[in-house]
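In what follows, a structure is listed as structure tokens, so that the remarks can point back to it.
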Amino acid sequence: MVDKIGRLKLPVALTTVMLGVGAFFPFFEAKPWTMIVYAVIAGIGMGAYNSVDQALNVAVLPDPKTAAKDLGVINLANTLGQVAGPIISGIIISMVGYHMIFPVETIICVIGGGLIMMIKRVK
């Protein structure tokens, strides 16, 4: 898809928002079908995201000579997010209950998609 449309930001932003859309289904109703819909939508979104996100990461690097170091910093940021996610989720769940984790995820994904669209160096 990225090769056909010649853009990187839009597919990354759309797949990020797709993760959030999938996450909103379990908020409506605590039934097995909502988790299946969540898994299908978020699974497709995550697979597509993984295939285009790294291309966007490389495209925004400031200097090809320091690409390895810069990608290391990006990976560190991703790892810190994965470490912080369960901690933040635990805080949210303890404060407002398990049910609210889904709209919070949706909000975070929509904000993330918007921030991705604000990247100026890449189409």
Side-chain angles (χ1 to χ4, degrees):
M1 179 176 167
V2 171
D3 292 336
K4 287 185 181 184
I5 66 172
R7 299 185 179 273
L8 285 170
K9 285 191 314 189
L10 184 61
V12 175
L14 287 177
T15 55
T16 301
V17 171
M18 197 172 174
L19 294 168
V21 169
F24 206 66
F25 278 88
F27 175 69
F28 287 119
E29 190 174 13
K31 300 282 185 183
W33 74 268
T34 59
M35 291 305 289
I36 292 170
V37 171
Y38 170 44
V40 169
I41 294 173
I44 292 169
M46 193 66 192
Y49 174 86
N50 285 337
S51 69
V52 293
D53 180 56
Q54 194 64 28
L56 179 61
N57 286 341
V58 171
V60 299
L61 293 177
D63 182 8
K65 293 178 184 175
T66 61
K69 175 186 65 90
D70 295 337
L71 286 172
V73 171
I74 290 171
N75 285 330
L76 178 62
N78 286 335
T79 302
L80 291 175
Q82 291 173 357
V83 168
I87 296 168
I88 293 168
S89 295
I91 293 168
I92 292 168
I93 290 168
S94 67
M95 289 172 50
V96 293
Y98 180 76
H99 194 66
M100 289 304 292
I101 201 68
F102 299 107
V104 170
E105 179 182 352
T106 300
I107 291 166
I108 290 170
C109 288
V110 169
I111 290 169
L115 292 173
I116 289 166
M117 290 305 294
M118 294 173 70
I119 297 171
K120 295 189 187 297
R121 293 185 65 190
V122 177
K123 289 195 304 180

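Not measured: the values here are computed from a predicted model.
L71 CG to T66 OG1: the interatomic distance, rounded to the nearest 0.5 Å, is 9.0 Å. Remark: N75 CG to L80 CG distance equals 11.0 Å, nearest 0.5 Å. Atoms NE2 and CD, on H99 and E29 in that order, are 9.5 Å from each other to the nearest 0.5 Å.
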Between side-chain atoms of residues 13-28 and protein atoms elsewhere (two or more places apart, or another chain), which donor-acceptor pairs fall under 3.5 Å?
| residue | atom | partner | partner atom | Å |
| --- | --- | --- | --- | --- |
| T15 | OG1 | P11 | O | 2.9 |
| T15 | OG1 | V12 | O | 3.0 |
| T16 | OG1 | V12 | O | 2.8 |

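Linking Ile, Leu, Val, Met, Phe, Trp and Tyr whenever their side-chain heavy atoms come within less than 4.5 Å leaves I116 and M118 in two separate clusters. Connection of V83 to L76 is not established within any shared hydrophobic cluster, with ILVMFWY side chains joined at heavy-atom distances below 4.5 Å, either directly or through further cluster members. Both I92 and Y98 belong to a single network of hydrophobic side chains, linked directly or stepwise wherever heavy atoms of I, L, V, M, F, W or Y lie under 4.5 Å apart. Linking ILVMFWY residues whenever their side-chain heavy atoms come closer than 4.5 Å, directly or via other members, leaves V40 and M46 in distinct clusters. The hydrophobic cluster containing I101 also contains M35, counting ILVMFWY residues as joined when their side-chain heavy atoms lie under 4.5 angstrom apart, directly or transitively.
Of all non-hydrogen atoms in I119 and K9, the two that sit nearest each other are O-NZ, 2.6 Å.
Taking the side chain as every heavy atom from C-beta outward, T34 and Y38 never approach each other to under 4.5 Å.
Of the candidates I108, T106, I107, I108 is the only one forming a side-chain contact (heavy atoms from CB on, under 4.5 Å) with V104.
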